[in-house]
Amino acid sequence: KLGHAGEKSKRQGIGARDSDGEVFEQTLTHREIDVLELLAEGLPNKGIADRLGISDQTVKFHIASIMGKLGASNRVETVRRAVRRGLLSL
């Protein structure tokens, strides 16, 4: 089961730095964090949608937004970057 990183880490904003010193610009919303945690569990979009009670399209939207904010090009890289930035702990 995934453990939550501290709330302060999740809400880091403009100019925050990850553990490698890389600057990232945008903060994830609470819903994006929910989607990210389920993504890290390996759930497909439909599984995430079912767990959160939202549509598959909404999940796709959230994942695209998360990937854009973290500068990731795929789901695995998204989770890896989130862990490095303290947004998730595995």
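Quick note: residue numbers are just sequence positions, from 1. Quantities reported herein were computed from a predicted structural model and do not represent experimental measurements.
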- Message: Within the 4.5 Å heavy-atom criterion, are Thr78 and Ile63 side-chain neighbours or not?
- Response: no
- Message: Less than 4.0 angstrom from a charged side-chain N to a carboxylate O is my criterion; do Arg51 and Glu41 meet it?
- Response: yes
- Item | Which atom of Ala82 lies closest to which atom of Leu36, heavy atoms considered | CB-CD2, 3.5 Å
- Query: What residues, two or more places apart in sequence or in another chain, satisfy side-chain hydrogen bond (donor to acceptor under 3.5 Å, both in side chains) together with Arg75?
  - Reply: Asn45
- Considering only heavy atoms from C-beta outward, does the side chain of Ile33 approach that of Leu88 to under 4.5 Å? no
- Task: Spell out, as yes or no, whether a donor-acceptor pair under 3.5 Å connects the side chain of Glu32 to the backbone of Thr29.
- Result: yes
- Task: Please round to the nearest 0.5 Å and tell me the distance separating atom CD of Glu37 and atom OG of Ser89.
- Result: 8.5 Å
- Message: Would you compute the distance between atom CG of Leu28 and atom CG of Leu70 and round it to the nearest 0.5 angstrom?
- Response: 5.5 Å
- Could you tell me the separation between the NZ atom of Lys46 and the CG atom of Asp50, rounded to the nearest 0.5 Å? 4.0 Å
Contacts under 3.5 angstrom, residues 54-61 side chains, donor-acceptor by atom type, not counting sequence neighbours:
unit_1 : atom_1 : unit_2 : atom_2 : d
Ser55  : OG     : Gln57  : N      : 3.4
Ser55  : OG     : Thr58  : N      : 3.0
Ser55  : OG     : Thr58  : OG1    : 2.9

- Query: Could you give the distance from NZ (Lys69) to CZ (Arg85), rounded to the nearest 0.5 Å?
  - Reply: 12.0 Å
- Please tell me if the side chains of His62 and Ile48 come closer than 4.5 Å, counting only heavy atoms from C-beta onward. no
